[in-house]
Amino acid sequence: MNAQEIIAIENKFAAGTYAKQPIVFVRGQGASLFDADGVEYLDCSSGHGVANLGHAHPRVAEAIARQASTLVTLFETFPNDQRAALMKKITSLVDGLDRVFFCNSGTEAVEAALKFARLSKGRAEVVAAMRAFHGRTFGSLSATFNKKYRRGFEPLVPGFQHVPFNNIEALEKAVTNQTAAVILEVVQGEGGVYPASAEYLQAAHRICEERGALLIVDEVQTGFGRTGRMFAIQHFGVTPDLLCCAKSLAGGLPMGAVLMGERVKNLTPGVHASTFGGNPLACAAAVAALTAMEEEDLSAQAAAKGEYLMKKLRAIASPYIREVRGMGLMIGIEMKQKAAPYLKALQERRIIALNAGMTVIRLLPPLVITYEQLDCLAEALTEVLSTAFEADEANE
Ligand SMILES: *Cc1c(COP(=O)(O)O)cnc(C)c1O
C-alpha cells in the first residue's frame, strides 16, 4: 500500500470523527516521526501529550516485548507482580496519595474520580472550570466546558456547574455543603494552555477542605514531567484528594490511573471496576516508563528545555503574536488570528504542532527533544509566526 492508498482507505472506512491529515506516519524515534517515504518530521504533539519519553523508547519497548510473551491479561481480583510493582512506584511519586485505581484512558480516570467523589461524600454536585477539558464520556464531558464538545449529546449528567478559572471568589460562592468535588486542570490544555495561579490552587484546596468537598486534579495532560515536575500540582505545594493521570503513564500504551488520599472513602469491592484496568502488559510498560523518566530526570529536562524554548519564543518580534505562556514543555502561543494556517505552514516545514482552541498554537514535544531540534523549531516558528495569513486561509 502506498501513502495515497492508505489515506483513501482511512477516509472511506473511518467513522468520520477525525479531520484526517494528509501524511502517513509509519515509524517514530525520539522526537522524530517518519512518513511512508522515510521523510522525517519533528513531533511537537507527542500524540497529544502521550510520548513524553519520545517514540520507540528502548526500555519501554523491551518491557512490552517481554511482558507480551509472559502475561498480557489478568483481572485485578488476582494480584500480579507487574501491577504490584507499579502500585508501589506510582504511589511513591506524590506524598499523601497512597492508593490507586487503574483504568485505560484519561476520560476513564476522570469518570472514576467523579464516581469516587460522589460515593465518598454522598453528595452529587461537581464544580468545574470554564474552558476545562476533562474528556468525552458522559461524566467527564459534563465536566468539560466547551459547547463544541457537548453539543448534540445533551442531556448530560446533572449536578455540574462551571465557574471562571483562576477566580477564587467564584469558587467561594459555588462550593457548598452539597458539593462532592471541585475538578481542575493545573494548566488548562485543550482550553488554550492557561496555567492556574498558585493562590487559586491553594484556595481551591482550602475551600474544599472547609466545605467538606474533595479536590480532583486532572493531570492527564500535565503529568509525568511535562511541566517540569513529575506532576504539575507539585509546583504549588497542594495535595489534591484525587489525581487523574493517563496519556504518558505507560510510555504510549493505553493506561489511566487515579491516585487518591485518605479523604476518599467507601471504596469497597464491586463499586467500580475495569476489565482491562491494571493489566500486566500496561503495568509493565508503565513501570519501565516511570523508571526511565526517573533515570533520565525527565522533569528537569522539561524545565530546562521549556525555559530555553520559551526565551526564544518570547524574543520573536511578530505583530501577530498576542501572548506566549505555559509551563515546562507545555507551551501555548496565542495568535491574534486563527492558528490553523500557522499549523499548516509548520507542517510544510515538517513540524507537527497542535492547536488549543481557535487561536492558540500548542507545543507538546517529547521531553527528550534535543536542543538542536529546539533550535530548529524556534527558527521555523520565527519565520512562520511573522507571516500574516488571511483569515480565509484557515481550514478549521
Ligand atoms: C486528553 C485529556 C483527557 C482525556 O483523555 P483521553 O485518554 O483522551 O480520554 C482528559 N483530561 C485532560 C486534561 C486531557 O488533556
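Note that ligands are numbered from 1 as they come in the structure, with each ligand's atoms numbered from 1 the same way.
Counting only heavy atoms of the protein, atom 9 (O) of ligand 1 lies nearest to T107 N, 2.8 Å. Among all protein heavy atoms, the one lying closest to atom 11 (N) of ligand 1 is D218 OD2, 2.7 Å. In terms of protein heavy atoms, atom 5 (O) of ligand 1 is closest to G106 CA, 3.3 Å.
Taking the ring axis of F102 as reference, the NZ or CZ atom of R83 does not stay both within 45° of it and closer than 6.0 Å to the ring centre. Seen from the ring of Y194, R325 counts as a face-on cation partner, given the 6.0 Å and 45° thresholds.
Here E185 has side-chain heavy atoms under 4.0 Å from ligand 1, and that is the only part of it that gets that close. Contacts between S105 and ligand 1, counted as non-hydrogen atom pairs separated by less than 4.0 Å, involve both the backbone and the side chain.
Short contacts between ligand 1 and H134, defined as distances under 4.0 Å to a heavy atom of the residue, involve ligand atoms 10 (C), 11 (N).
Rounded to the nearest 0.5 angstrom, E185 CD and L201 CG are separated by 11.5 Å.
Between K247 and ligand 1, a contact under 3.5 Å exists for at least one N or O pair.
Salt bridge E172/R211: present, at least one basic N to carboxylate O contact under 4.0 Å. With salt bridges taken as basic N to acidic carboxylate O contacts below 4.0 Å, one links R66 and E62. Checked for salt-bridge contact, E190 and R362 meet the test: a charged N lies under 4.0 Å from a carboxylate O.
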